[in-house]
Protein chains: 2
Amino acid sequence: MSTEFDPVAVATGTQTIASQLNAIEWITDNRVERLSQDFYWFSPVLKRQLEHLRAHAVARPKTEDEVRAVVAACAQQRVPITVRGSGTGNYGQCMPLHGGVILDLSAYNQLLWCRNGVARAQAGIRMMEMDKRTQPEGFELRCVPSTFRSATLGGLYGGGFGGTGSINYGPLASTGNVLGVRAMTIEPEPNAVELRAPEALLLHHVYGTNGLVLELEVALAPAHPWLEAIVCFDGFDEAIHFADTLASAPGITKKSVTLLAAPIPDLLLAATPLLKGTMHTGSHAVFVLVAEPAEAALQQLVSEFKGNITYRKTAAEVRASNRTIVEYTWNHTTLHALKVDKTLTYIQSGFQAGRQVQQAKELRTKLGDEVLVHLEFIRTKEGAMNCSGLQLVRYTTDARLNEIMQIHREHGVYIANPHVYIVEDGKQGQVNPDVVATKLRFDPLGLLNPGKLRGWEQREQIMADAAAGRLMLATLPSF
Amino acid sequence: MSTEFDPVAVATGTQTIASQLNAIEWITDNRVERLSQDFYWFSPVLKRQLEHLRAHAVARPKTEDEVRAVVAACAQQRVPITVRGSGTGNYGQCMPLHGGVILDLSAYNQLLWCRNGVARAQAGIRMMEMDKRTQPEGFELRCVPSTFRSATLGGLYGGGFGGTGSINYGPLASTGNVLGVRAMTIEPEPNAVELRAPEALLLHHVYGTNGLVLELEVALAPAHPWLEAIVCFDGFDEAIHFADTLASAPGITKKSVTLLAAPIPDLLLAATPLLKGTMHTGSHAVFVLVAEPAEAALQQLVSEFKGNITYRKTAAEVRASNRTIVEYTWNHTTLHALKVDKTLTYIQSGFQAGRQVQQAKELRTKLGDEVLVHLEFIRTKEGAMNCSGLQLVRYTTDARLNEIMQIHREHGVYIANPHVYIVEDGKQGQVNPDVVATKLRFDPLGLLNPGKLRGWEQREQIMADAAAGRLMLATLPSF
């Protein structure tokens, strides 16, 4: 993608800003390398493309005023800003293509309020910290990634999709999950404005390319005492039908259902001694979190599908141990598997609600040992039970990796390609004109995470089409 | 159906028992008529068939010992026992075909305990009372009928199906909703035993024909502050798509979505001055209960589907007024409509999950003004979003009423016929051998609500088939 940044000017500009704003925490030593990266290296393709990327400096503001000062200075100096939470993404979302400033929001992390099942927090709050604060009031976040321990709420909003809990609430983007955000414009005199849903969603999952999210207001879920269990099955069919039935069962309160087909359990057993004895070797495992009163119902389904509960911890035991099986699900599965087999990578996919079991069986038969089935059961944005795949792939070549993704598409399975770093490329190439119009409003100079939003290159055409009535944009109130 | 009861012997036996057990509350005056009835008269067919029915006396025990004394005496005297909660059923479930004793459990109504989202209560507890007791602890019943104010938990279990809240938890029969029951055998020396799920479910929705349920242990739902709203639409299509979208939306916490197509809102407006000004005349109305933090999301969907919110009450306003729109939904809709138009009756139906909107539209086109569309959105037992119809029908003849039900069946819609009083006739004639085997265990003398369970006439064949291995029964542990 085209770039308008002169590397020397960016370097000099960043240096000027850092020395001007010396009351703010800056990192300019060798930690900049780590803070310029995320878990992009899960993908051999992204590893090759992105591993050289470095910001010139990292700013770690603690207040909105500090954020504003950095933003204003960057706008004056035309220095790119790449917003970072904890860098737990996997798509290189927070990696700067053109250097400049990493705006690390991890110290901008206050819980502002929590009442009546709604909470508002600064973007850099860690999700585990937020849950710890709201759980005593009976509520917790509706969906969290497996990286909840370090990942930030703003990071999930900017670079994520959903996670544990999406089995109830769908992805973060489902109507009703996010109520509003406060966002700042990237201008010499930055403006902070409140956007309510649905408009607020235009800043979601676009890698911080079209606005700087300062605060988020989210609806919470009732916090149940979650029982954690691993259920092992000899047969794949029993495992997937059990998982699908449990996921769908309306009377069983749950937070998570994960299917890890053989040989993934063996990879996890090899990866960490902590799991020793928790699964049968060679089995297909289903990781579940259900509310404690649902244990008898869980056992009923386990018997029905001829499974074995090989691990069980009450909510109190989980709390006391500070360990949760959530940290073996979603992309933590990939992380652990990569520890023991460096040739693995993964793909992300969305099945067709209602056909997910059939599709998963067909693809497993078709792709054999080359693709290891990992399914997370979640609701779609519209509310149907479905699953999202984070299949492990035995990587050979880029061409074969693309072929495997194409085979999934041909079976009606949507691919969220994790081997690309452009926003639209992960979404079947689709440009969202409203996202581009939002960037024009919040980042007229094009400084936010530049090079990641392809639609930005089409901004003139989009606005001309909108002005000529050839395109309807969502209403964006002016300010 | 055949009967083995001599009316004179039953009358004499009842008299003997009532005089023997004079420490227990008995009702033998003209209140026996009302206590022998329920809301069977919603059906012109049942009205003709059942209106003459009377018990010989009503016993109102307050303790398990008192229940046991009545049961033992009835077993000795071979007097039929028909268990009653508050008589809010519509199928004549608690109406005695052969006289004898009505066992009114409304005074056997203690909440035994409530902890960790589970509660246990005696069968006669009123559901409103139970909610009042558990809501301060953050929990409430998962599903209640519109008659929750007077209806009992045991009555719902014996004669009901689900209700408000089933949009989240499915019918009461969904795995995980009912954890166990304590049931008493009908013998000269009655035995009380605990049955856990799934076995406990064999006593559900069989009108108290196969066992006497003393206590129920149920999983509860988190209690949210429910905002009540009525949304009016000019077009039926907008109304049903709005209702279906709202019902399915995973990020919007809700308790109830009811579609009342025109002219039902006009009937309700005519039926009660309390509703004055709450709906537009001539409109299609959707009654909704959503959690208060979901109000903005609700408004978003209302705008999207071009509706108007014509009524809105916060949870605090609902509590203060002691009025809820729930009491205009489910069969309360029928009750109110019958006040202004005596020629109406209704049918109960279950659509095919995923096709409910299409089916409802097709049937509305086909049946025109003769059938007034009333849909309650609920999850199926398996968890898919669906709706249950309580369509109002302009009654002409029994033949036409049956024809209308047949037309629904031909469109793939399941009919729970509310114009029959035999358990199996409401369930497409299906005899459940496990239900019959349970009755043999709990009511070997056939005294419970006799004449309502057709399968009982086939008990010898069923047990012979089971003994010969031609039929598999669910395991019933002996005692």
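Naming convention: chains lettered A, B, ... in sequence-line order (proteins, then strands); numbering from 1 in each chain. Values reported hereafter were calculated over all heavy atoms of this structure, with side chains retained and with hydrogens, waters and symmetry mates removed.
- Put simply, CG on Leu141(B) and CZ on Phe148(B) are 11.0 Å apart, with the number rounded to the nearest 0.5 Å.
- Across all their heavy atoms, Arg133(B) and Glu137(B) have their closest contact at O-OE2, 4.3 Å.
- Closest non-hydrogen pair, Ala239(A) versus Val286(A), comes out as O-CG2, 3.9 Å.
- For a heavy-atom cut-off of 4.5 Å, chain B lies close to Pro222(A), His224(A) in residues 219-228 of chain A.
- Side-chain N/O atoms of Thr253(A) and Arg142(B) include a donor and acceptor closer than 3.5 Å.
- Residue-level contacts of residues 290-304 of chain B with chain A, in order of numbering, are Pro293(B), Ala297(B), Gln300(B); threshold 4.5 Å between heavy atoms.
- In this structure the side chain of Met127(A) reaches within 4.5 angstrom of the side chain of Leu156(A), judged on heavy atoms.
- Between Ser349(B) and Val413(B), the shortest heavy-atom contact is CB-CG1, 3.6 Å.
- Between Glu217(B) and Arg196(B) there is a salt bridge, since a side-chain N of the basic residue sits under 4.0 Å from a carboxylate O of the acidic one.
- Listed in order of number, the residues of residues 163-179 of chain A that approach chain B to under 4.5 Å between heavy atoms are Asn168(A), Tyr169(A), Gly170(A), Ser174(A), Thr175(A), Gly176(A), Asn177(A), Leu179(A).
- Residue contact with chain B, scored on non-hydrogen atoms closer than 4.5 Å, is absent for Thr245(A).
- Listed options Ala197(B), Ala247(B), Ala384(B), Pro198(B) were ranked by heavy-atom pairs under 4.5 angstrom with chain A; first place goes to Pro198(B).
- With sequence neighbours excluded, the residues that form a salt bridge (Lys or Arg N to Asp or Glu O under 4.0 Å) with Glu215(A) are Arg120(A).
- The two atoms that bring Ala121(A) and Met130(A) nearest to each other are CB-SD, 4.0 Å, heavy atoms only.
- Phe377(B) and Ala243(B) make their closest contact through CE1-CB, 3.6 Å (heavy atoms, listed as atom of the first residue, atom of the second, distance).
- Rounding to the nearest 0.5 Å places CD1 of Ile240(B) at 11.5 Å from CZ of Phe305(B).
- Side-chain N/O atoms of Glu376(B) and Thr258(B) include a donor and acceptor closer than 3.5 Å.
- In terms of modelled atom types and a separation under 3.5 Å, the side chain of Asn386(B) and the main chain of Ile378(B) share no donor-acceptor contact.
- A side-chain N or O of Gln356(A) and one of Asp244(A) form a donor-acceptor pair less than 3.5 Å apart.
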